[in-house]
Amino acid sequence: MRRGWSLLIKKLKAILIESIRAALSALNFPEMDFTLAPPKAEKFGDISTNIALLLSKDLSQPPLDIAEIIAETLKKEKLNHIDDITVSPPGFINFLIDASFYQNSIITILEKNDQYGRGGTGKDKTANVEFVSANPTGPLTVGHGRNAVLGDTVANILEWHGFHVTREYYYNDAGQQMQILGESVSARYFELIGKENEFPENGYQGKYIVEIARNIYEALGNDISKNDPRFRTEAEKIIFEKIKTSLDKLGIYFDQFTKEKTFYETGAIKQLLEDLKSKDLIYEKEGATWLKATALGRKQDRVFIKSSGEPTYRLPDTAYHREKISRGFNLIVDIFGADHTDSYPDILAALAALDLKTDHIRVLLYQFVTLLRKGEKVKMSTRKGEFVTLDNLLTETGSDVVRYFFIMRSMNSHLDFDLDLAKDQSENNPVYYLQYAHARICNIIKHGLTAKYEFTKDFDSNLLTHNDELKLMRQLVYFPQVMETVLETLEPQGIANYLQELAAQFHKFYGKCRVITDNISLSRARLGLVSSVRIVLSSGLSILGISAPERM
RNA sequence: GCCCCGGUAGCUCAACUGGACAGAGCAUCGCCCUUCUAAGGCGAGGGUUACAGGUUCGAGUCCUGUCCGGGGUACCA
């Protein structure tokens, strides 16, 4: 039932490894770990091994000679699905997989449909992905967009592999930021009703604050006192609605919102301090409360509670993670911006000191988005009201483009975003290349119907022998492997690269091989092929959260 | 100063985690629509993978140093 392709190629690989091992022992060569991987160039076949290169030193013989000897030995036994074995400099042994292997594989894909390529790794397991987690002090920026898309896609990847995923948004509703937000709204409110009021020094200067103040004025009238808590709570509510609307446009929804305040109310923070204290990891200095991080292998101690009595964010964050651990997830993923690089290890260290398991926590750090306008950097600051919102970007380009744009490059790389080119880029965005392939296939299938070639699973896949057909099928066969790799690395970019290649193979095939022709049986077989391409494209796009249009 | 992430074609980025002659898209220049969608295909040009060493049969990838960009090094988040 859950034997997908993975198993097919794995089986093939296992057989090859077994055969190579047998050959080694027959030849009295030492045992050694070696790789078995697809080569770069087509002419080297489908799978290559470097075993001869590795043996060269021990045997003090040229790798090419060793490769020949091993290849000859392997050729003596008939290996299933292997058409040919060749040797190429500097000493690779290449295996050519026969067409029937690939032809059979598309039957598997059609049978599995949207289950094709799913592993069972996460079956009966739970995962928590915390992302966005922006404090409700302003609209989401382009930078938050990177976080949002990354987190949601990682969650999709986990779900693909069977994990039951909780998407979680954690935010700070207790600290100084929200305090300042309230004061900013209050100041704008009094400005609005004509009473001169001093704007807080660190206040939020964005226009949206004025709008919120107007909302409050319209809803609650003009006799509110300066320190009324509703300035803060109303602002939080309104901003949160905006944030949710933006995320909604990206198709991102959360299962749980967790407020920092909770951890004060439940006593979790107090408890945490006590527990750390009993481990002698907390001390007082200069009126502040410190975490003895140096005792945990960190470079410096950190303040947990300022001398003003306010905690720093590390304290509630630690309590929050402790609570997340207690919920028993098999995997916990945090999506953080590069500014957290130096802070999350403190949190993990503190948790480990409390004898909590932390090795199932994966922290994904993404580098910042730099915005360019007319070649100049736009410095973003929510507080100063200088930012480009995610909404702006979405209305200009659309969800599919934004999602693809944020996922197609490595999270470890800085992202230069040229606003002037944003729209231009969106018109020749590579995401359309993928979607176009999908739409083309849908159209072919439709065309087949009008030509009375209804696609059925009853066709002869052995008719698919054209070189472009084989290349296309080979690409389809890689898919489960790609999904496995991505599960390990949690770098969604690999999917984008793969789909790009798959679409390219399809477009080439399309140029060379006509699907619907007078040759009925060939037409049926090719319909089977393009249908399986459609399945994989559709799966890949849905994992990326991108639509797979039937026409464009 | 120290720590983290980058530096690859004119521009934006890949490169299956150490493999074979480093690949795409934009941009430039050719060619291909009376035939399933030209948002496509085919071809040309464009590179000392920042630099210098080292490890290895083999380095864009690993180690050391230098330079450049970003982030951190807060009783900000």
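Throughout, protein chains are lettered first and strands after them, A, B, ... in sequence-line order, and every chain is numbered starting at 1.
- A:Y404 has its OH atom 13 Å from the P atom of B:C26, to the nearest Å.
- For A:Y510, a side-chain nitrogen or oxygen approaches OP1 or OP2 of B:A38 to under 4.0 Å.
- Atom CD1 of A:I520 is separated from atom P of B:C36 by 19 Å (rounded to the nearest Å).
- Proximity of the aromatic rings of A:F257 and A:F240 is defined here by a centroid distance below 6.0 angstrom, and this criterion is met.
- In this structure, CG of A:N429 is placed 10 Å from C1' of B:G25, rounded to the nearest angstrom.
- Rounded to whole angstrom, the span from the CD1 atom of A:I444 across to the C1' atom of B:G40 amounts to 12 Å.
- A salt bridge links A:E130 with A:K324; the closest basic N to acidic carboxylate O contact falls under 4.0 Å.
- Atom name P, nucleotides B:A44 and B:G25: the rounded distance is 13 Å, in whole Å.
- Note on A:Y433: a side-chain N or O is less than 4.0 Å away from OP1 or OP2 of B:G41.
- Shown here, B:C16 is classed anti by the O4'-C1'-N9-C4 or O4'-C1'-N1-C2 angle, which is more than 90° from 0.
- B:U17 has its base syn relative to the sugar, with a glycosidic angle deviating from 0 by at most 90°.
- In a base pair of the Watson-Crick type (N1 to N3 plus N6-O4 or O6-N4) or a G-U wobble (N1-O2 and O6-N3), with each distance short of 3.5 Å, B:C26 is matched with B:G10.
- In this model, a donor atom of one side chain and an acceptor atom of the other lie less than 3.5 Å apart for A:E284 and A:T289.
- The closest side-chain heavy-atom distance from A:V401 to A:Y432 is below 4.5 Å.
- Among residues at least two apart or in separate chains, there is no side chain to side chain donor-acceptor pair (under 3.5 Å) pair with a member in residues 54-67 of chain A.
- The base of B:A14 lies outside donor-acceptor range of the side chain of A:S410, with no N or O pair under 3.5 Å.
- Residue A:Y436 places its side chain closer to B:A38 than to any other of B:A38, B:G70, B:A20.
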Completion exercise
Under a 4.0 Å heavy-atom criterion, the protein footprint on nucleotides 72-77 of chain B, written with B, S and -, is SSSBSB
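- Comparing B:C11 with B:G53, their C1' atoms sit 32 Å apart, to the nearest whole Å.
- Remark: the separation of the P atoms in B:A20 and B:C67 is 32 Å, to the nearest Å.
- Residue contacts shown for A:P62 are absent, as no nucleic acid heavy atom lies under 4.0 Å away.
- Residues A:N94 and A:Q500 both approach RNA chain B. Their nearest nucleotides, taken by heavy-atom distance, put A:N94 toward the 5′ side.
- Using modelled atom types and a 3.5 Å distance limit, the side chains of A:Y102 and A:D46 yield a donor-acceptor pair.
- Between B:A14, B:C16, B:A20, one nucleotide has an atom nearer to the side chain of A:R409 than all others, and that is B:A14.
- With both ends at atom P, the span from B:C4 to B:A9 equals 26 Å, rounded to whole Å.
- In this structure, A:E550 does not pair ionically with A:K446, as no charged nitrogen and carboxylate oxygen lie closer than 4.0 Å.
- Checked against B:G70, B:A14, B:A20, the side chain of A:Q493 finds its nearest nucleotide in B:A14.
- In this structure, the CG atom of A:N497 is 13 Å from the P atom of B:U17, given to the nearest Å.
- Contact annotation for A:T35: no contact, since no heavy-atom pair falls under 4.0 Å across all strands.
- The CD-P distance, from A:Q475 to B:A24, rounds to 13 Å in whole Å.
- With both pairing distances under 3.5 Å, B:U49 is matched to nothing as a Watson-Crick or G-U wobble pair.
- With hydrogens and angles left out, the side-chain atoms of A:S343 and A:H340 include no donor and acceptor closer than 3.5 Å.
- Residue-level contact check: A:E550 touches the bases, meaning some heavy atom is under 4.0 Å from a base atom.
- Within the nucleic acid shown, A:H507 comes within 4.0 Å of sugar-phosphate atoms alone, with no base atom in reach, counting heavy atoms only.
- Remark: B:U35 base-pairs with no nucleotide; criterion is Watson-Crick or G-U wobble with both hydrogen-bond distances under 3.5 Å.
- Checked against B:G70, B:C36, B:C3, the side chain of A:K299 finds its nearest nucleotide in B:C3.
- Taking the side chain to side chain contact (heavy atoms under 4.5 Å, CB included) definition, one finds that A:S538 meets it with A:H438, A:R534, sequence neighbours left out.
- Taking the P atom of each, B:G45 and B:A50 are spaced 24 Å apart, rounded to whole Å.
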Report all interatomic pairs (protein N or O, nucleotide N or O of nucleotides 31-35 of chain B) with separations under 3.5 Å.
from, atom 1, to, atom 2, distance (Å)
B:U35, O2', A:R514, NH1, 3.2
B:U35, O2', A:R514, NH2, 3.0

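- Across the P atoms, B:U17 and B:U56 are found 23 Å apart, a figure rounded to whole Å.
- The residue A:C513 sits close to a base: some heavy atom pair falls under 4.0 Å.
- Atom CG of A:L499 is separated from atom P of B:C16 by 17 Å (rounded to the nearest Å).
- When distances run from any side-chain atom of A:R440 to the nucleotides B:A14, B:G69, B:A38, the shortest one goes to B:A38.
- Ion pairing between a basic and an acidic side chain is recognised when a charged N comes within 4.0 Å of a carboxylate O; A:R298 and A:D346 show such pairing.
- In summary, the side chains of A:Y171 and A:Q177 do not present any donor paired with an acceptor at a separation below 3.5 Å, with no hydrogens or angles considered.
- Nucleotides of RNA chain B nearest to A:S413 and A:K512 differ in position, and the one nearer the 5' end is that of A:S413.
- The side-chain heavy atoms of A:L36 and A:I20, taken from C-beta on, include a pair separated by under 4.5 Å.
- Look at the C1' atom in both B:U35 and B:G40: the space between them is 15 Å, to the nearest Å.
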Handout entry: Base-contact (B) and sugar-phosphate-only (S) positions in nucleotides 55-61 of chain B, heavy-atom cut-off under 4.0 Å, - elsewhere
Key = --B----
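- Counting to the nearest Å, the C1' atom of B:C13 and the CG atom of A:N412 are 14 Å from each other.
- Nucleotides B:G46 and B:A24, compared at atom P, are 15 Å apart to the nearest Å.
- In this view, A:D400 and A:Q435, A:I546, A:S547 satisfy the side chain to side chain contact (heavy atoms under 4.5 Å, CB included) rule, not counting sequence neighbours.
- A salt bridge between A:D334 and A:R362 is absent, with no side-chain N of the basic residue lying under 4.0 Å from a carboxylate O of the acidic one.
- When Watson-Crick and G-U wobble pairs are counted only if both distances are under 3.5 Å, B:A74 pairs with no nucleotide at all.
- Side-chain N/O atoms of A:E168 and A:T258 include a donor and acceptor closer than 3.5 Å.
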